[in-house]
J.: 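First the structure, which I've put down as structure tokens, then a few questions once you've had a look.
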Amino acid sequence: MAKVRTRIAPSPTGDPHVGTAYIALFNRCFALQHGGEFILRIEDTDQSRSTARSEQDILNALRWLGLDWAEGPDVGGPHGPYRQSQRSDIYRQHINVLLEKGHAFHCFCTSERLDALRAQQMENKQTAGYDGHCLSLTRAELDANLAAKVPHVVRMRVPDTGECVFHDRLRGEIRIAWEQIDMQVLMKSDHLPTYHFANVVDDHLMEITHVIRGEEWINSTPKHILLYQHFGWEHPQFCHMPLLRNPDKSKLSKRKNPTSISYYRDMGYMPEAMINYLGMMGWTMPDGREKFSIGEMQAAFDIDRVSLGGPVFDVAKLDWLNGKYIRENLSAEGFAEAFSKWAFSPEKIQKIIPLLKDRVERFSDVVPLAGFFLSGLLPVSASDFEHKQLSPEQCRKILQLCVWQLEQIQDWSRESVEQVCQRLAAFLGIKIRETLFPLFVAITGKAVSTSVIDSIYILGLDVGRARIRHAIEVLGGVSKKEVKELEKSLRELQSFSLPEIG
RNA sequence: GUCCCCUUCGUCUAGAGGCCUAGGACACCGGGUUUUCAUCCCGGCAACGGGGGUUCGAAACCCCCAGGGGACGCCA
């Protein structure tokens, strides 16, 4: 039997997500337990959303958790490159194979036509999908379009009758009718592949034997199987894990829960506890032990014992586990070391010191002034937000619009945070000093503190967002009706342009 | 709307037809230890979604229903 090889294939389009770590953990345990290899591949075919920063953050986060990989963009390996944006030639060759064999075809349809088509299909209560328009192009029309360099994509041909039957390691036989499967775009008009295509080509070339991924991919598995068949390749074994959930059972999302691994790092969780907690989502040690290391998990791992109900990510239980790790796994020296590393990283300290140096008269003033930099959620109450000009409603509005805008920031910097605040104040027609008031209380716990803009910047989006959200809750929360109004304001704010300062 | 997946305490789960008057953990409540608090210890609360089968016997197997979730992009 071939050596077991599994992979994690994150897309560098945002924060390092706990769901990525979760899937990586199970892939890694499975591979290493079978004496195989676990590798990492970066799926950065979405040029508009992928960033080098995000890629680096994801790599750092996974390493922090101890989920290291045998091959990857940073460590190399025999199946490289491990970044899809550097594999264009490979995809081009492979798309040509499909084109030649007639398994794929050029499509010149405009997005306007496709949108209209989809809308009509939805209205007629049909399954939405491509109607095969460009399939009927004559050879001459096709050549003319290509010669004229009309923008186009390449789509996959799909059988129109019968069904795709495949085996999922955890779920058994799954059958999906081919008529449910769209003629998926394989190559976009920017000549980069889509996920479905690149993923299949790479998994094959990288000799992946087991694809362990989230449940959200079940419905597109027939597309993948079809591609393997078109190429004449054997497909890997599929294994769809349950999805991590918010407390309301929806798919874990940052709108409802902190999902960034960086958040948990910044809040002072230990990586060992984090990984242990993820390991008990859908899985248990055969002997029922709840506290276990990644090595112990790997040794005892049995993928067939994964349970399929979507587990709710429960921060309360994570807190308990993390406390247990701190108590039981750290000596006094170990604690001192880990804590200092967390609290006083030179990088963080260098940013904080300038905010303090000119405001303190004694070193003993530092903790009362800047302790909020080393805190999680702050003990604020509604009365802390009382203000002679701002009502609680206005405070909530400022806070909510501010988080939404902070979330939009592409390059996190002091300047971009400042710009968000300035724009918000101008938009609301409230003086910047007043606009910043609820933010001061939410972020620093006090109405008077170090620059709140710098503080937000230094604390980062994850912790900042958590505190602002907490403040909104303390202020009574936003009702469904209020959310609608706020979303309307947000749209106005987004199209609002800052008046020129003369 | 169409298709797919899932369903044991509030939450994470154990459970492979009789060991189940369903076990453990978190949370919560009570008690003990502790100068306080936390830790620690002890106790309590609390679940097989519903209906049909199969079987001597069903939480477990089958079917239907309901509920939850996901997918239907030139995003991944």
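Throughout, a chain's letter reflects where its sequence line sits, starting with A, and its residues are numbered from 1.
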J.: Name the residue from Asp57(A), Asp68(A), Asp74(A) that meets the salt bridge (charged side-chain N to carboxylate O under 4.0 Å, His left out) definition with Arg63(A).
T.: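 Looking at Asp57(A), Asp68(A), Asp74(A), the match for Arg63(A) under the salt bridge (charged side-chain N to carboxylate O under 4.0 Å, His left out) is Asp74(A).
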J.: Which residue lies toward the 5' end of RNA chain B, Trp320(A) or Met280(A), if each is placed at its nearest nucleotide?
T.: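 Nearer the 5' end of the strand: Met280(A).
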J.: If you only use heavy atoms from C-beta on, which nucleotide in A76(B), A27(B), C74(B) is closest to the side chain of Ala316(A)?
T.: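 So the nucleotide nearest the side chain must be A27(B).
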J.: Is a side-chain donor-acceptor pair under 3.5 Å present for Asp46(A) with Tyr195(A)?
T.: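 Per modelled atom types, Tyr195(A) and Asp46(A) side chains form no pair under 3.5 Å.
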J.: C12(B) P sits how many Å from Leu243(A) CG, rounded?
T.: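 Between P of C12(B) and CG of Leu243(A): 14 Å.
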J.: Output the rounded distance in Å from NZ (Lys291(A)) to P (G24(B)).
T.: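 Between P of G24(B) and NZ of Lys291(A): 21 Å.
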J.: For Tyr325(A), is the NZ or CZ atom of Lys291(A) found under 6.0 angstrom from the centre of its six-membered ring and inside 45 degrees of the ring axis?
T.: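 That pair qualifies as a cation-pi contact.
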J.: Extract from the structure each pairing of a protein N or O with an N or O of nucleotides 42-46 of chain B at less than 3.5 Å, listing the distance.
T.:
none

J.: Just the rounded figure in Å: distance from C1' of G73(B) to CE of Met156(A).
T.: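 After rounding, the gap between these two atoms is 14 Å.
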J.: For Asp411(A), look at atom CG and say whether over 12 heavy atoms of other residues, nucleotides or ligands are found less than 6.0 Å away.
T.: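 It does not: Asp411(A) CG has 12 such atoms or fewer within range.
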J.: Calculate the interatomic distance between Met187(A) atom CE and G73(B) atom C1'; express it in whole Å.
T.: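 Distance, rounded to whole Å: 18 Å.
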J.: Pick from Arg87(A), Arg7(A), Arg41(A), Glu71(A): which one makes a side-chain hydrogen bond (donor to acceptor under 3.5 Å, both in side chains) with Tyr82(A)?
T.: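 In the set Arg87(A), Arg7(A), Arg41(A), Glu71(A), the residue that makes a side-chain hydrogen bond (donor to acceptor under 3.5 Å, both in side chains) with Tyr82(A) is Glu71(A).
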J.: Using a 4.0 Å heavy-atom cut-off, does Thr284(A) contact any base of the nucleic acid, only the sugar-phosphate backbone, or nothing at all?
T.: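 The answer is sugar-phosphate, as Thr284(A) gets under 4.0 Å only of primed atoms, P, OP1 or OP2.
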J.: Could you tell me the separation between the NZ atom of Lys256(A) and the C1' atom of G69(B), rounded to a whole number of Å?
T.: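 In whole Å, G69(B) C1' lies 11 Å from Lys256(A) NZ.
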J.: Rounded to the Å, how far apart are Arg327(A) CZ and C41(B) C1'?
T.: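 In whole Å, C41(B) C1' and Arg327(A) CZ are 14 Å from each other.
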J.: Which whole-number value in Å describes the distance from Arg289(A) CZ to G24(B) C1'?
T.: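 Computing the Arg289(A):CZ to G24(B):C1' distance gives 14 Å.
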J.: Can you give me the N/O atom pairs linking the protein to nucleotides 4-11 of chain B at distances under 3.5 Å, or say none if there are none?
T.:
residue : atom : partner   : partner atom : Å
C4(B)   : O4'  : Asn219(A) : OD1          : 3.4
C5(B)   : O3'  : Arg171(A) : NH1          : 3.4
C5(B)   : O2'  : Arg171(A) : NH1          : 2.2
C5(B)   : O2'  : Glu215(A) : OE2          : 2.9
U11(B)  : OP1  : Lys249(A) : NZ           : 3.4

